[in-house]
Amino acid sequence: MDYKEVTILTNHEVEPFIADILDELGANGVVIEDSAEVSKGRVDSYGEIYDLNPADYPETGIRIRCYFSAFDYKESLLEDIKQAVLQLHDIPVTDFAVSAADIKDDDWENEWKRHFHAFRASETFTVVPSWETYDAAPDETVITLDPGMAFGTGDHATTSMCLKLIEKYVKPGRSVIDVGTGSGILSIAAHKLGASPIRAVDLDKVAVRVAEENFEINGCAAHIAVDTGNLLAGETEKRDVILANILAHIVDLMIDDSYKLLNENGIFITSGIITEKEDMIVTHLEKAGYRILEISRDSGWIAVAAVKEVA
């Protein structure tokens with residue numbers, strides 16, 4: 001399948017909102033190239049220095065690359081993106097340009113290889129691209145990943161925060177469903193911590209294929225059931241843990257269903273929520289009956305762990 005690569009150049013203040021906008025418009029994957037990462041010599045929380053090529057990054061602001069299938073792309077899309085950005089309330093848009101180009105499926109997948117290298121995603125997990133060799137230290141648990149056309153390498157703040165919460169709350173023998181699995185990274189992490197059984201669902205058939213391949217790479221395909229699915233619609237089996245790294249407005253849609261589908265003292269771990277929508281999500285969680293265990297914050301995003309307590 002051919003894709004359209006849409007490139008947006010804008011100022012940093014827009015970044016926390018852009019993924020939400022592009023998701024609503026049907027984007028299949030987003031890459032954000034931040035000029036600040038080059039100037040500050042990006043170092044993660046574990047002291048690892050990222051090997052960045054300044055030529056791959058804009059001189060100022062951020063460059064967003066997003067991808068639309070040939071079937072989803074419309075001639076009005078660029079104007080729709082522009083208008084959505086310009087209509088952000090109280091957000092200064094001081095720089096904005098958008099363009100589109102044709103790209104082949106294989107070319108898109110190769111884009112990841114320029115940006116994606118082994119890195120420590122959390123205290124436990126190190127994420128390693130399938131095309132790289134890596135000698136793990138004794139305290140590292142390696143997740144081998146080829147994201148292909150699916151979201152989720154662990155590098156984005158939302159995924160990294162989820163991994164850290166999974167480390168803390170997912171225990172051996174706990175049943176898990178991973179909603180919007182993307183690359184499958186959260187399901188793989190849960191499996192490596194001993195969770196079982198695990199079910200992974202995604203609305204995107206391409207993501208399901210990618211997740212299946214990553215489960216094979218990590219030797220856990222026989223332990224994770226993966227299928228297409230629209231959030232929790234049609235799910236009837238109760239779980240001990242529900243994972244959802246999606247976006248705030250989608251998380252909001254599934255909060256009530258998640259509560260019904262959790263066992264007593266079950267945990268809901270969710271991210272993809274911009275800080276501006278924290279109050280909305282937390283209020284809905286508490287109204288549904290959850291008690292908030294903790295809220296993580298990073299780079300304008302939040303992740304929440306909540307427990308279902310039954311009186």
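Atom NZ of Lys82 is surrounded by 12 or fewer heavy atoms from other residues, nucleotides or ligands within 6.0 Å.
The closest side-chain heavy-atom distance from Leu145 to Ile188 is below 4.5 Å. Inter-residue side-chain proximity for Met254 and Ile246 is flagged as met; some heavy-atom pair is nearer than 4.5 Å. Considering only heavy atoms from C-beta on, Glu213 stays 4.5 Å or farther from Asp146 through its side chain. Annotation: side chain of Tyr73 is not in contact with side chain of Asp102 (no heavy-atom distance under 4.5 Å). Between Ile18 and Ile32 the shortest side-chain heavy-atom distance falls below 4.5 Å. The side-chain heavy atoms of Leu163 and Ile185, taken from C-beta on, include a pair separated by under 4.5 Å. Side-chain contact between Arg63 and Ile8 is absent, with no heavy atoms from C-beta onward closer than 4.5 Å. The shortest side-chain heavy-atom distance between Ile62 and His12 falls under the 4.5 Å cut-off.
Within the 3.5 Å criterion, the main-chain N or O of Ser76 finds no donor-acceptor partner in the side chain of Glu79. A donor-acceptor pair under 3.5 Å is formed between the side chain of Lys308 and the backbone N or O of Leu262. Within the 3.5 Å criterion, the main-chain N or O of Ala157 finds no donor-acceptor partner in the side chain of Ser160. Between the side chain of Asp240 and the main chain of Ser175, a donor-acceptor pair closer than 3.5 Å is present. Remark: side-chain polar atoms of Asp202 are not paired, donor with acceptor, to backbone N or O of Val208 under 3.5 angstrom.
Here the straight-line distance linking atom CE of Met161 with atom CD1 of Ile295 works out to 11.0 Å at 0.5 Å rounding. Taken to the nearest 0.5 Å, the CG atom of Leu293 stands 5.0 Å off from the CD1 atom of Ile267. The OG atom of Ser122 sits 10.0 Å away from atom CD of Glu140, with the distance rounded to the nearest 0.5 Å. Distance check: Thr181 OG1 to Asp204 CG gives 11.5 Å after rounding to the nearest 0.5 Å. Going from atom CD of Gln83 over to atom CG of Leu88 covers 11.5 Å, rounded to the nearest 0.5 Å. For the atom pair Thr141 OG1 and Lys192 NZ, the distance stands at 7.0 Å (nearest 0.5 Å).
With sequence neighbours left out, the salt bridge (Lys or Arg N to Asp or Glu O under 4.0 Å) criterion links Glu294 to Lys168. By the salt bridge (Lys or Arg N to Asp or Glu O under 4.0 Å) test, Glu235 pairs with Arg199, sequence neighbours left out. Residues that satisfy the salt bridge (Lys or Arg N to Asp or Glu O under 4.0 Å) test with Asp139, not counting sequence neighbours, are Arg120. Applying the side-chain contact (heavy atoms from CB on, under 4.5 Å) test to Thr236 and every residue at least two apart in sequence or in another chain returns nothing. By the side-chain contact (heavy atoms from CB on, under 4.5 Å) test, Pro16 pairs with Ile274, sequence neighbours left out. Partners of Tyr290 under the ring pair (Phe, Tyr, Trp, His ring centres under 6.0 Å) rule, at least two apart in sequence or in another chain, are Tyr259, Phe268. Residues passing the salt bridge (Lys or Arg N to Asp or Glu O under 4.0 Å) test with Glu212, sequence neighbours excluded: none. Legend: residues meeting side-chain contact (heavy atoms from CB on, under 4.5 Å) with Leu193, ordered by chain and number and at least two apart, are Phe125, Ile166, Val170.
The two residues Ile269 and Cys162 come nearest to each other via the heavy atoms CG2-SG, 4.4 Å. Looking at every heavy atom in both residues, Trp301 comes nearest to Ala19 through CH2-CB, 4.0 Å. Heavy atoms only, all atoms of each residue included: Ala84 and Ile21 are closest at CB-CG2, 3.7 Å. Between Asn11 and Pro92, the closest heavy-atom pair is ND2-O, 2.8 Å. Taking all atoms of both residues into account, the shortest heavy-atom contact from Val127 to Ala121 is CG2-CB, 3.9 Å.
Hydrophobic clustering (side-chain heavy atoms under 4.5 Å, transitive across Ile, Leu, Val, Met, Phe, Trp, Tyr) groups Phe17 together with Leu22. Linking ILVMFWY residues whenever their side-chain heavy atoms come closer than 4.5 Å, directly or via other members, leaves Leu232 and Leu203 in distinct clusters. Side-chain heavy atoms closer than 4.5 Å link hydrophobic residues (I, L, V, M, F, W, Y) into clusters, and following such links, possibly through other members, connects Phe119 to Ile143. Under a hydrophobic clustering in which Ile, Leu, Val, Met, Phe, Trp and Tyr are joined whenever their side-chain heavy atoms come within less than 4.5 Å, directly or via other members, Trp131 and Ile217 fall into different clusters. Leu9 is not connected to Val85 by any chain of hydrophobic side-chain contacts under 4.5 Å among Ile, Leu, Val, Met, Phe, Trp and Tyr, and they are in different clusters.
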Exercise. Could you walk me through whether Val6 and Leu77 pass side chain to side chain contact (heavy atoms under 4.5 Å, CB included), step by step?
Key: CA-CA 9 Å; Val6 174; Leu77 181 64; 4.3 Å; yes
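Applying the salt bridge (charged side-chain N to carboxylate O under 4.0 Å, His left out) test to every pair with at least one member in residues 177-188, sequence neighbours left out, gives no pairs at all. For residues 270-286, the pairs satisfying side chain to side chain donor-acceptor pair (under 3.5 Å) are Asp20-Lys277, Asp252-His284, Asp256-His284, Glu278-Arg297, with sequence neighbours left out.
Summarising the hydrophobic clusters (Ile, Leu, Val, Met, Phe, Trp, Tyr; side-chain heavy atoms under 4.5 Å, direct or chained), the residues clustered with Tyr134 are Val128, Val142.
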Tabulate below the donor-acceptor pairs under 3.5 Å that side-chain atoms of residues 218-230 make, not counting sequence neighbours, or state none.
unit_1 : atom_1 : unit_2 : atom_2 : d
Asn218 : OD1    : Thr144 : N      : 2.9
Asn218 : ND2    : Thr144 : O      : 2.6
Asn218 : ND2    : Asn214 : O      : 2.8

